Amino acid sequence: MAYETIIVEIEDDIALIRLNRPEALNALNGTLINELSSALTEADHNDKVRCIIITGSEKAFAAGADIKEMSQKSYVDVYTEDLFGAQIEAITRVRKPIIAAVSGYALGGGCELAMMCDFIIAAENAKFGQPEINLGVVAGIGGTQRLTRIIGKSKAMDMNLTGRFMDAAEAERAGLVSRVVPTAKLIPEAMAAARKIAEKSQIAVRTVKEAVNRSYETTLREGLLFERRAFHALFATEDQKEGMAAFLEKREAQFRDR
Ligand SMILES: CC(C)(O)CC(=O)SCCNC(=O)CCNC(=O)[C@H](O)C(C)(C)COP(=O)(O)OP(=O)(O)OC[C@H]1O[C@@H](n2cnc3c(N)ncnc32)[C@H](O)[C@@H]1OP(=O)(O)O
């Protein structure tokens, strides 16, 4: 399918989705959000795809929501259309793992989009921020909620109140990103991580995603019970038998996603 604001490449069993509005540093306008949401749904339903990567350009993952597009909207407009509601939240309903490969600016909605992914690999030049305060507004898709759960109250307050940017090293220390890699190696490193995930039992992979995400939504007691029951349930799969047999026989497991 041809898109206007994103490029989708499928290599082996990985879908690489590149945000592609260089003239606006990949600012998230309505078209981009719709196209990203469609491409993700398509990748989620494509049996050949086992892992998804979202990336931008070297200069910008995404510089936030498109300010030009929203600047003249009224409260009635944004409330009625539920701006940044269901359409972008659809990303969080994708069941396959999504890696955000972030180079350059990930600001406002860009940082929030990266946080909606399952984990973030950052290039050394990455800069994260929630500068909505400079526009007289606040974050609208997780900058005060997901960011606070990830990096804690003090840093989240600092980022949201001052609008300052966090570099890749600070983001790694704060737990916002899982690893930092040389800028030129961002896509090869993200592809290597995606290939590792693609080799695993996809039933176990999806269960990991559900269980980790559950930890954000529930109490520790409920989360631990969910995790234990998920662990128990995987004993009903052929992949559990294969994974454990392969270990004991000192060979590579051949998972069949059953
Ligand atoms: C999703 C919500 C609800 O949370 C809300 C939001 O996300 S609000 C948006 C938050 N993001 C920002 O406030 C960042 C805005 N951008 C910048 O501060 C700067 O562009 C920069 C620091 C990222 C980069 O600066 P610089 O290298 O000097 O490049 P520029 O000349 O500023 O930008 C190039 C070009 O891109 C356009 N641009 C950049 N960001 C946006 C944006 N968010 N929306 C629309 N357009 C954007 C910028 O206007 C320039 O275009 P031209 O003026 O050359 O046509």
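First listed ligand is number 1; within each ligand, the first listed atom is number 1. Values in this document were obtained by computation on a predicted structure and should not be read as measured data.
Under the 4.0 Å distance rule, the nearest protein heavy atom to atom 1 (C) of ligand 1 falls inside the cut-off. For atom 31 (O) of ligand 1, the protein comes within 4.0 Å by no heavy atom at all. For atom 8 (S) of ligand 1, a protein heavy-atom neighbour is present inside the 4.0 Å cut-off.
Sparse packing is recorded around NZ of K185, with 12 or fewer heavy atoms of other residues, nucleotides or ligands lying under 6.0 Å away. For R164, the CZ atom is densely surrounded, since the number of other residues' heavy atoms within 6.0 Å is greater than 12. Residue-environment remark: CZ (R214) stays at or below the threshold of 12 foreign heavy atoms within 6.0 Å. Residue-environment remark: CE (M157) stays at or below the threshold of 12 foreign heavy atoms within 6.0 Å.
Nearest-residue assignment for atom 15 (C) of ligand 1 (options I88, N29, I67, T144; heavy-atom criterion): I67. Relative to atom 43 (N) of ligand 1, the option among A65, A62, G64 with the closest non-hydrogen atom is A65. With distances taken over non-hydrogen atoms, the option nearest atom 10 (C) of ligand 1 out of A63, A139, G143 is A63. Here the shortest heavy-atom distance to atom 3 (C) of ligand 1, taken over G109, G142, G140, S71, belongs to G140.
Close approach to E112 involves these atoms of ligand 1, each under 4.0 Å from a residue heavy atom: 1 (C), 2 (C), 4 (O). Close contacts of ligand 1 with E132, meaning ligand atoms under 4.0 Å from a residue heavy atom, involve 2 (C), 4 (O), 5 (C), 6 (C), 7 (O), 8 (S). Atoms of ligand 1 found under 4.0 Å from any heavy atom of P131 (numbered from 1 in listed order, with element): 11 (N), 12 (C), 13 (O). Residue M70 has at least one heavy-atom neighbour below 4.0 Å for each of these atoms of ligand 1: 8 (S).
Using a 4.5 Å cut-off on side-chain heavy atoms (C-beta onward), Y105 and K59 make contact. Residues H232 and L234 are not in side-chain contact: their nearest non-hydrogen atoms beyond the backbone lie 4.5 Å or more apart.
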Step by step, would you call N125 with S103 a side-chain hydrogen bond (donor to acceptor under 3.5 Å, both in side chains)?
-> CA-CA 6 Å; N125 73 340; S103 179; 3.1 Å; yes
When you look at D12 and R195, which way does the salt bridge (Lys or Arg N to Asp or Glu O under 4.0 Å) test go after all the steps?
-> CA-CA 9 Å; D12 304 326; R195 283 200 190 96; 3.5 Å; yes
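The closest protein non-hydrogen atom to atom 26 (P) of ligand 1 is K59 NZ, 4.0 Å. Scanning the protein for heavy atoms near atom 53 (O) of ligand 1, the closest one is K68 NZ, 4.7 Å. Counting protein heavy atoms only, atom 17 (C) of ligand 1 is closest to L107 CD1, 4.7 Å. The single protein non-hydrogen atom nearest to atom 19 (C) of ligand 1 is L25 CD1, 4.7 Å, given as residue, atom name and distance. The nearest protein atom to atom 47 (C) of ligand 1, hydrogens excluded, is given as A24 O, 3.8 Å; this is a heavy-atom distance.
A distance-only check finds no donor-acceptor pair linking the side chain of T5 to the backbone of N20 [under 3.5 Å]. Side chain of E112 to main chain of G142: a donor-acceptor pair is present (N/O by atom type, distance under 3.5 Å, no hydrogens or angles). Between the side chain of R50 and the main chain of A198, a donor-acceptor pair closer than 3.5 Å is present. A donor-acceptor distance shorter than 3.5 angstrom exists from the side chain of E69 to the backbone of G30, with no hydrogens or angles considered.
Only the side chain of L135 comes within 4.0 Å of ligand 1, judged by heavy-atom distances. With a 4.0 Å heavy-atom cut-off, ligand 1 is reached by the backbone of E23 but not by any atom from C-beta on.
Within the structure, the closest approach of Q130 to ligand 1 does not fall below 4.0 Å when heavy atoms are considered.
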